[in-house]
Chemist: 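To start, I am sharing the structure in question, which I have written as structure tokens.
Note on naming: letters A, B, ... go to the chains in the order of the sequence lines (proteins, then strands), and numbering restarts at 1 for each one. This is a predicted model, so every value here is computed, not measured. Just the heavy atoms: all of them, side chains too, but no hydrogens, waters or symmetry mates, feed the values below.
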Amino acid sequence: MHNAILKMLENNSRIDLHDLAVMMGTDEAVIVEEIEKMEKDGVICGYPTLINWDKTTEEKVSAMIEVRVTPQRGQGFERLAERITNYPEVKAVYLMSGGYDFLVSLEGKTLKEVSMFVTSKLSTLDAVAGTATHFVLKKYKDHGIILIDKPQSSRMKVTL
Amino acid sequence: MRNPLADKVVGIKPSGIRKFFDVVSEMPDAISLGVGEPDFDTPWHVREEGIYSLERGRTFYTSNAGLMELRTAISRYLYKKLDLHYDPKTEIVVTVGGSEGIDLALRAMLNPGDEVILPEPAYVSYAPCVTLAGGNTVTINLQEKNRFKLTAEELLDAITDRTKILILSYPNNPTGAIMTREDLEPIARIIQEKDIFVISDEIYSELTYGKNHVSIASLPGMQERTVVINGFSKAFAMTGWRLGYAAGPELIMEQMIKIHQFAIMAAPTTSQYAGVEALANGEDDVQEMRTSYNQRRRFVLDQFKQMGLQCFEPEGAFYMFPSISEFGMSSDEFATRFLEEEKVAVVPGTAFGECGEGFLRVSYAYSLEELKEALGRMAEFVRRLRAKKQAGDANRG
Ligand SMILES: Cc1ncc(COP(=O)(O)O)c(C=O)c1O
């Protein structure tokens with residue numbers, strides 16, 4: 001039940017809860033209760049909106065930054081990760097396997113702003129041994145949703 | 001000039017629904033609940049396999065009966081899903097959709113004047129194919145009170161000395177009805193007693209909600225007198241690939257493959273490679289689509305309930321078959337006015353046989369948003385009709 005609800009919400013967090021209940025063959029009250037429980041347990045962490053900023057007048061630049069870390073004695077990665085999450089311009093922080101340690105997703109108004117953040121804030125953190133910044137040129141798909149224009153469906157109106 | 005046409009073909013009346021189709025196609029802003037195919041794109045890994053087969057230069061005919069690899073996969077699939085045992089070498093033919101399988105089976109089995117029992121409402125291609133194969137169709141009017149299942153009495157009443165084939169089509173288009181093992185058992189007994197054959201169109205076998213599909217061919221004594229029709233169109237959202245198959249006893253399949261060899265040669269090669277991938281790795285996709293259809297089925301059923309439209313609960317395919325008899329107009333009239341006044345296309349029940357009068361076929365192979373919009377307009381339309389009827393009744397009273 002939980003997973004079925006999550007699947008529906010992941011696709012559309014604004015779905016009418018009555019409709020959701022009908023589609024799952026249960027009562028709205030049950031759905032509401034389950035969702036509240038998952039919010040409380042931190043299973044559902046938020047309901048942000050996926051925006052294609054390229055289609056707005058707002059200037060935005062995003063970048064992916066690889067961060068290599070010299071782990072501090074007795075602290076592992078957690079302390080540093082926590083520090084990085086505190087910056088509001090940081091949209092995501094992942095601990096990675098492979099050639100570097102953290103992947104940090106950043107958003108800023110301009111290239112300069114993002115570069116400044118990396119050089120003056122991120123690289124200067126004690127444990128950070130090095131960074132590599134990759135600017136995003138175009139987003140084709142994000143959070144499972146295709147952002148580029150898709151061809152119209154060629155399905156006919158009526159078939160038997 | 002002589003008449004270039006064959007009387008048999010000219011005699012087949014064009015589906016009455018054609019007129020309605022023409023109106024719909026001239027209304028670009030009309031929305032629709034009238035489509036008989038999935039709204040999903042074919043799963044990407046399946047499409048990719050088709051593309052890959054082209055890249056590798058798989059652009060030649062396959063063997064007439066289809067790629068051995070595909071027939072083997074079909075054989076395994078039919079065993080796993082439906083407990084059917086078919087030898088891929090001699091008992092399976094890969095066809096251009098289930099459509100071709102229906103045609104092949106009828107042509108391979110019918111002699112002039114043989115009767116084919118067709119329970120209606122039914123998919124539109126059976127009766128014309130019977131005619132083209134030289135047979136005569138005997139229809140049974142299925143009853144909503146029986147949940148559009150075929151009953152033993154109905155079947156017995158329809159059987160004559162000339163009866164050769166029963167066409168069984170469950171899960172059903174247009175009603176969404178299914179038949180369970182218990183429902184099929186008495187039918188199977190009669191089939192054997194009366195020495196009749198069955199063409200069982202199971203194209204929607206993957207789309208049942210609650211109870212798994214049971215093939216009549218899996219009942220004792222039935223495999224030797226059944227041709228099973230199935231395919232990729234509905235299960236894997238592959239309508240445009242034109243890929244299906246038929247499975248049956250070698251005696252019949254041999255003749256079906258002969259017709260297929262001369263009339264078609266082989267099913268499209270690209271599609272066959274995609275079909276292998278669909279059967280090998282498509283199970284999760286099917287499950288996901290089934291879940292999604294089921295959710296929408298519940299949604300539409302609930303909407304009808306709120307409208308006060310009577311509709312039995314379908315357990316298969318992706319159609320609803322609500323009754324509109326309360327409005328005192330024909331299905332055709334209802335559908336035409338609904339289209340004109342609300343710009344929503346649904347299919348009149350009569351497109352599937354005379355006994356479809358008083359019903360509509362509503363497809364729920366649409367997104368939730370599309371369903372909401374279309375059913376919202378339907379609620380409005382129904383409300384208006386009822387208000388008018390009430391006013392009329394009051395005037396008369
Ligand atoms: C009951 C039934 N049988 C067969 C078919 C034909 O399917 P295919 O695309 O496999 O030819 C359809 C298509 O709508 C159908 O509804």
Chemist: For atom CG of A/D126, decide whether the heavy atoms of other residues, nucleotides or ligands shown that lie under 6.0 angstrom number more than 12.
Modeler: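 No.
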Chemist: Rounded to the nearest 0.5 Å, what's the gap from CD1 on A/I15 to CD on B/E369? Could you check?
Modeler: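 Rounded to the nearest 0.5 Å, the CD1-CD separation comes to 8.0 Å.
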Chemist: Check whether B/L368 gets within reach of chain A through its side chain, its backbone, both or neither, counting any heavy atom under 4.5 Å.
Modeler: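 Just the side chain, heavy atoms under 4.5 Å.
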Chemist: Heavy-atom count check: over 12 atoms from other residues, nucleotides or ligands less than 6.0 Å from A/M64 CE?
Modeler: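 At most 12 heavy atoms, drawn from other residues, nucleotides or ligands, come within 6.0 Å of this atom.
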Chemist: So does A/Y87 have more than 12 non-hydrogen atoms from other groups sitting under 6.0 Å from OH?
Modeler: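 Atom OH in A/Y87 is crowded, with more than 12 foreign heavy atoms closer than 6.0 Å.
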Chemist: For a side-chain contact (heavy atoms from CB on, under 4.5 Å) check, start with the C-alpha distance between A/M23 and B/N294, then their side-chain angles and the critical distance, and finish with the verdict.
Modeler: CA-CA 8 Å; A/M23 287 197 287; B/N294 192 17; over 6 Å; no
Chemist: For chain A, which residues from residues 297-307 of chain B have at least one heavy atom closer than 4.5 Å to it?
Modeler: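 So the qualifying residues are B/R298, B/F299, B/D302, B/Q306.
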Chemist: Does atom CE of A/M116 have more than 12 heavy-atom neighbours, drawn from other residues, nucleotides or ligands, at distances under 6.0 Å?
Modeler: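 Incorrect, the count does not exceed 12.
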Chemist: Name the region of B/V347, side chain, backbone, both or neither, that has any atom closer than 4.5 Å to a heavy atom of chain A.
Modeler: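 When you check distances to chain A, only side chain atoms of B/V347 fall under 4.5 Å.
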Chemist: Does CD in B/E341 sit with more than 12 non-hydrogen atoms of other residues, nucleotides or ligands closer than 6.0 Å?
Modeler: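 Enclosed.
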Chemist: Tell me, for A/L20 versus chain B, whether the close heavy atoms (under 4.5 Å) come from the side chain, the backbone, both or neither.
Modeler: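 For A/L20, no heavy atom lies under 4.5 Å from chain B.
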Chemist: Output all residues satisfying salt bridge (charged side-chain N to carboxylate O under 4.0 Å, His left out) with A/K109, sequence neighbours left out; order by chain, then residue number.
Modeler: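 For A/K109 there are no salt bridge (charged side-chain N to carboxylate O under 4.0 Å, His left out) partners, ignoring immediate neighbours.
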Chemist: Could you look at B/D41 and say if it's the side chain, the backbone, both or neither that has a heavy atom under 4.5 Å from chain A?
Modeler: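 For B/D41, no heavy atom lies under 4.5 Å from chain A.
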Chemist: Pairs under 3.5 angstrom only: tabulate donor-acceptor contacts from the side chains of residues 152-160 of chain A to other protein residues two or more places apart or in another chain.
Modeler:
unit_1: A/S153; atom_1: OG; unit_2: A/R155; atom_2: N; d: 3.1
unit_1: A/R155; atom_1: NH1; unit_2: B/E37; atom_2: O; d: 2.7
unit_1: A/R155; atom_1: NH1; unit_2: B/P38; atom_2: O; d: 3.4
unit_1: A/R155; atom_1: NH1; unit_2: B/A365; atom_2: O; d: 3.2
unit_1: A/R155; atom_1: NH2; unit_2: B/A365; atom_2: O; d: 2.8
unit_1: A/K157; atom_1: NZ; unit_2: B/P28; atom_2: O; d: 3.2
unit_1: A/K157; atom_1: NZ; unit_2: B/A30; atom_2: O; d: 3.2
unit_1: A/T159; atom_1: OG1; unit_2: B/G36; atom_2: N; d: 2.9

Chemist: Can you establish whether the number of heavy atoms outside B/E283 located under 6.0 Å from its atom CD is more than 12?
Modeler: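 Not more than 12 within 6.0 Å, no.
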Chemist: Side chain, backbone, both or neither: which part of A/D16 has a heavy atom under 4.5 Å from chain B?
Modeler: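 Answer is side chain: those atoms of A/D16 sit under 4.5 Å from chain B.
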Chemist: Does atom OH (A/Y140) have a neighbourhood of more than 12 heavy atoms from anything else shown, all under 6.0 Å?
Modeler: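 Open: at most 12 neighbouring heavy atoms sit under 6.0 Å from OH of A/Y140.
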Chemist: Is there any residue in residues 284-291 of chain B with a non-hydrogen atom under 4.5 Å from a non-hydrogen atom of chain A, and which ones are they?
Modeler: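 Within residues 284-291 of chain B, near chain A: B/E288.
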Chemist: If you count every heavy atom of other residues, nucleotides or ligands that lies below 6.0 Å from A/D142 atom CG, does the total exceed 12?
Modeler: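 More than 12 heavy atoms, drawn from other residues, nucleotides or ligands, come within 6.0 Å of this atom.
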